[in-house]
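Written out below as structure tokens is the structure these notes cover.
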Amino acid sequence: MNIGAQAAAPSAAVARPPAHGGVRERGSRYAQIVLRPENLESTQGSGGRPMEMLTNYFQLTIKDAQPFYQYHVTFNPPMDNLKLRKALMYQIPELSNKHIFDGNLLYTPLRLQKLEFDVKTRREEHVKIGLVLTQEVAQGSDQFIQVANILMNEIASRHMNLERIKRDYFNPNKSITIPQHKQRTRGNQTEIAKELVGAIVMTKYNNKTYRVDDVDFKTKPSDEVELKSGRISYIDYYQKNYDITIRDHNQPLLIHRSKTKIQGNTVERQIHLVPEVCYMTGLTDNMRSDFRIMQDLAQYTRQDPEKRHKALLGFRESIMESSDATAKLDSWGLQMSPEILDVSGRQQPPENIVIKNGGSFPCDARKESFDNITRKNFVISSAEINDNFTVICTAKDTGAANTFLETVAKVGPGCGINIRGGNVVTIRSDRAEDYITAIRSNETNPKIVVCLVPNNKKDRYDAIKKHCCIDQPLPSQVLVTKNLNPKKAMSVVTKVVMQMNAKLGGELWSVHIPMKKVMYVGIDTYHDSGSQRSVGGFVASMNDLCTRYFSKTTWQPSKQELISQLEVCMTDALKQYHGNNGYYPDRVIVFRDGVGDGQLLAVKEQELRDIKTALSRLPTSPELVFVVVTKRIQQRFFLKQGSRLTNPPPGTIVDTKVTRDELFDFFLVPQSVGQGTVTPTHYNVLEFQTTLKPDHIQKIAYKLCHIYFNWTGTIRVPAVCQYAHKLAFLVGQSLHRDPSPQLANLLYYL
């Protein structure tokens, strides 16, 4: 196994001018939604214990506050060729190669006196270039960020010899080989295709990534392909164009289907790839389930704060040691700070978990977990399961079924869950059809079924879930028998019984939330693996304790993140809330997961609009807060403890310096990690029509991370977000259709 050493890619922290209300110009490549409400003096909170930290940002400033200049460029006669336009700009001596040109706009640190130039093409054709000064680019503006990014990318690729793969830069000279784990794909054609289809490969010759859509066993590298220049074999093509010698002339080819739009029509073309010149990327399910592989990988991929800090300083040092890189920065008047950025944060106090009869259970302040809660009679309310559940298994797994029932009788009452007995139904084989027949013909009409299966075979799992969620609405649990071994049985069955209770409407635990009459909503999107559509998961809380939920799914075109039916989902949720409580909520707080920064404007204009439309039809006027939650971010924080750097504790909030003045955003560290550096979660508030303060929404976000019933501890996002993800994942991976409305008030997707 070979992994690349990713170059430290710290962000440039710059001071930004304050902004209020509205949206920046739509034409800007880096247009940002400006969402700092006028009635808020500050988007920063104040509660919690103050802490001093470092973050993976370097301050990038302009010497003497010298601005950049933006010019609009015209060519006479007009030049359509972008490469030629860029090449002609280098013939202007006044620019001294100190410029960035995208084909229309020119950025330079120089204020030019002369604005018209005569240049020549290679064919001695005369071209007139005209410049018009359009604006000064001030430090901290969007254009400044754009120029700084281009310059840093140029330094990384040209002067530090880093290779770009998608959006990240890697140092090929520092790649790490793990020789004890050599991955090979073996088996018959069906097995090979099953393992490779859906994988992402990267070509060795240009670092481009492709999704494998099929494997062509009939075509070989020695076969010829038709190009514009004539027919050529794959072997000769790679030798001629990339100086690569293909050794295996009989290997099958990988197929990637690329879709492009030509004059409004979608055209599909096939790209054939030779496996020998491709790297497999990512980790397969088999690799993830191999403890030894993951343990050895973690030595390199999970760096603690001390090592990350050292790597960041090493990155800056390598820039300073490159004369070309420093010359490039100096020519633009840019300075890079010698140390990463200091930032202040605050830690929220540990939460107490609300349990049975209004009691409380303290969280481990260091880990913010409450694993020991299962040793107490803690369940807030139990579903009346009793002996009304069925275990289905093959004859050879009868022993495992009995072990399951015996363990259920021990752990269930201990947790406060009314469960005992149960019955076992044996089937002839482990085929999906046999499980479904047993469920369908079961005369005891159980409240929930538990299917014991010999392995994680996906098509069987999908068939069981499809039957129980659509054809015969019934909460179900699928459990692999190997997890019932003596060492793991008690722990595994405890979690299963808790899930069974939650799936039948029982309430496990909660946290103290002073605000009442609030409906919390989680929204997420998943791309359906079995069709050309995407599924949206919508989950809304139905009570003050956030222990009961309503769910609904919606569909949109393939790969589309935005959900078009939110008005219907919100309307149905509000009706259900009113039916459960006898009143509508005073506040609706929405947490939207699964969208990137580039989609914020579209989310505001479509999804937020649909939610407002649904709320406007109520006889009351609930307050509305809409928050976008992002997990995959680059920001990291390191807590100062004397001369050492450690991970910030759970509950840490950062809402200064690395946040944007034109947005209402903050970072929250909800968890602790045993290895590496903890990753914070980013919250971006797009709507804040409420009397609440920033402190309130920060505290609410942290509290909701505690009440996900699949984990006795905090998770990275508010529980409603994770429930929405689980719902969308189940429907997109296994069901491929809307689940039965009869299950809408149950957490059947846990």
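Nothing here was measured: the structure is a model prediction, and the numbers come from that model. Residue numbers run from 1 in the order of the sequence given.
- K328 and D330 are not joined by a salt bridge, as no carboxylate oxygen comes within less than 4.0 angstrom of a charged side-chain nitrogen.
- Q606 and D610 are not linked by any side-chain donor-acceptor pair at a separation below 3.5 angstrom, with hydrogens and angles left out of the test.
- The two residues K98 and P109 come nearest to each other via the heavy atoms O-CD, 3.5 Å.
- Looking only at atom types and distance, the side chain of Q635 has no donor-acceptor partner in the side chain of T55 under 3.5 Å away.
- At a cut-off of 3.5 Å, with distance as the only test, no side-chain donor of S322 or H159 sits close to an acceptor on the other residue.
- Taking a cutoff of 4.0 Å between a charged side-chain nitrogen and a carboxylate oxygen, D593 and K631 qualify as a salt bridge.
- Salt-bridge check for K657 with D342: failed, with every basic side-chain N at 4.0 Å or more from each acidic carboxylate O.
- A perpendicular orientation is assigned to the rings of F68 and W332, their planes being inclined by more than 60° (bins at 30° and 60°).
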- Trace of the side chain to side chain contact (heavy atoms under 4.5 Å, CB included) decision for K604 with E687: CA-CA 8 Å; K604 179 180 174 65; E687 187 73 18; 4.1 Å; yes
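- For R308 and T677, the side-chain atoms include at least one donor-acceptor pair closer than 3.5 Å.
- Take E125 and apply the salt bridge (Lys or Arg N to Asp or Glu O under 4.0 Å) test, not counting sequence neighbours, and it matches no residue.
- Looking at Q634 and H682, their side chains never bring a donor and an acceptor atom within 3.5 Å of each other.
- Between R316 and E339 there is no salt bridge, since no side-chain nitrogen of the basic residue lies less than 4.0 Å from a carboxylate oxygen of the acidic one.
- Distance OG/S564 to CD/Q556: 5.5 Å, rounded to 0.5 Å.
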- Task: Please assess Q335 against L329 for the test side chain to side chain contact (heavy atoms under 4.5 Å, CB included), listing each intermediate value before the final yes or no.
- Result: CA-CA 7 Å; Q335 287 182 321; L329 289 174; over 6 Å; no
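- N76 CG to D118 CG: the interatomic distance, rounded to the nearest 0.5 Å, is 10.0 Å.
- The shortest side-chain heavy-atom distance between Y234 and S222 does not fall under the 4.5 Å cut-off.
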- Query: Can you list the steps and then say if L273 with L253 is a side chain to side chain contact (heavy atoms under 4.5 Å, CB included)?
  - Reply: CA-CA 6 Å; L273 302 168; L253 300 185; over 6 Å; no
- Message: Does M89 form a side chain to side chain contact (heavy atoms under 4.5 Å, CB included) with V73? I'd like the steps, not just the answer.
- Response: CA-CA 10 Å; M89 297 304 295; V73 183; 4.2 Å; yes
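- Put simply, the side chain of Y210 reaches to within 4.5 Å of the side chain of I271, judged on heavy atoms.
- Counted by atom type alone, Q70 and Q143 present zero donor-acceptor pairs between their side chains at under 3.5 Å.
- Within the structure, ring-ring contact (aromatic ring centres under 6.0 Å, His included) contacts touching residues 79-109 (residues at least two apart or in different chains) are Y90-H99.
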